[in-house]
Amino acid sequence: MPLIQLDRISKQYPSAAEQPVPQALNSVTLNIEQGEFVAIMGPSGSGKSTLMNLIGCLDTPSGGHYYLDGRDVTTLAPDELALVRNQTIGFVFQGFNLLKRISALDNVGLPLLYSNIPKSERRSRAAAMLELTGLGRYLHSLPNRMSGGQQQRVAIARALVNQPRLILADEPTGNLDTHTSREIMEIFQTLHKEQGITIVLVTHENDIAAYAKRLIRIVDGAVVYDGKTNLSPRINTN
Ligand code: ADP
Ligand code: MG
């Protein structure tokens with residue numbers, strides 16, 4: 001059974017003015033198996049983030065069905081979706097989305113707050129995740145004193161702390177230099193190889209997508225390529 005099964009998913013955002021807006025996603029059908037490492041590419045505005053938000057149960061589709069681990073999550077209420085998210089999915093964003101005034105340790109422990117896990121266990125699990133992402137010496141640092149690469153390592157540790165089966169990363173290296181981007185991608189690669197975590201990642205860069213085994217290209221809300229990641233490095237064609 002696929003971990004992610006999208007069956008003719010469409011998404012229509014409401015239009016602000018009277019004129020109709022095109023569908024952000026138009027009948028997307030695809031499966032992603034447990035343990036896959038998938039890159040999603042496509043021009044700006046093609047629907048990549050919309051797709052990630054739907055896969056991540058942060059939004060609901062206007063049409064079609066989404067089965068996550070065999071369960072139809074299309075019709076779940078917001079609180080049920082929140083539970084699914086918390087138990088199954090870790091998110092990493094381009095802008096890191098950390099709380100600036102609390103330590104790296106407390107940022108990473110945040111998702112555990114919602115699971116009623118005692119403080120001592122929250123701290124030890126958060127510390128272990130920061131060790132894993134190479135930040136064992138920065139447990140008590142504040143995010144705004146850290147480099148971009150370090151902040152993204154904190155965000156990855158936070159995404160991992162609930163032991164999710166699925167990591168969704170929307171342009172996770174978009175704010176990072178080439179060298180730091182590689183370091184971050186190596187963390188994802190290790191998680192994929194050693195822990196079998198399913199990773200779905202949006203990127204603009206061929207070099208980054210090349211870490212994935214499968215590439216999905218979307219244009220105007222529709223899948224135009226789904227196959228091997230067969231990319232020559234250093235050519236940025238979207
Ligand atoms: P990408 O991530 O590929 O750049 P998006 O998924 O963000 O693309 O956007 C796809 C389309 O949906 C775009 O036309 C965008 O303007 C529109 N869109 C995205 N989010 C919203 C929203 N919250 N409300 C209305 N339109 C949106
Ligand atoms: Mg986007």
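Order of appearance sets the numbers: ligands from 1, and atoms from 1 within every ligand. Counting from 1, the numbers follow the sequence of the chain as shown.
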Consider side-chain contact (heavy atoms from CB on, under 4.5 Å). Of Leu6, Ile9, Thr50, Asp7, which one does Pro61 pass it with? Ile9
Mark whether atom 16 (O) of ligand 1 lies under 4.0 angstrom from at least one protein heavy atom. no
Is the backbone of Gln189 close enough, under 3.5 Å, to the side chain of Glu194 for a donor and an acceptor to pair up by distance? no
A quick test of your reading: do over 12 heavy atoms of other residues, nucleotides or ligands sit less than 6.0 Å from NZ of Lys100? yes
Using the side chain to side chain contact (heavy atoms under 4.5 Å, CB included) rule, take Leu201 and Phe188 through it: C-alpha gap first, then chi angles, then the decisive distance, then the call. CA-CA 10 Å; Leu201 164 143; Phe188 285 121; 4.3 Å; yes
Please say whether Pro14 places an N or O atom under 3.5 Å from an N or O atom belonging to ligand 1. no
Specify whether an N/O/S atom of Thr50 falls short of 2.8 Å from the Mg ion (ligand 2). no
Does some non-hydrogen atom of Pro43 fall short of 4.0 Å from ligand 1? yes
Looking at ligand 1, would Ser46 count as a contact under a 4.0 Å heavy-atom criterion? yes
Which of these, Leu76, Ile55, Val73, sits in a side-chain contact (heavy atoms from CB on, under 4.5 Å) with Leu68? Val73
Atom 10 (C) of ligand 1 has as its nearest protein heavy atom Gly45 O, 3.4 Å
When you measure from atom 13 (C) of ligand 1 to the protein, is at least one non-hydrogen atom found at a distance under 4.0 Å? yes
Thinking salt bridges, do Asp106 and Arg123 make one under a 4.0 Å N-O criterion? yes
Looking only at protein heavy atoms, which one is nearest to atom 7 (O) of ligand 1, and what is the separation? Ser49 CB, 3.8 Å
Against heavy atoms of Thr50, which atoms of ligand 1 measure under 4.0 Å? 5 (P), 6 (O), 9 (O), 10 (C)
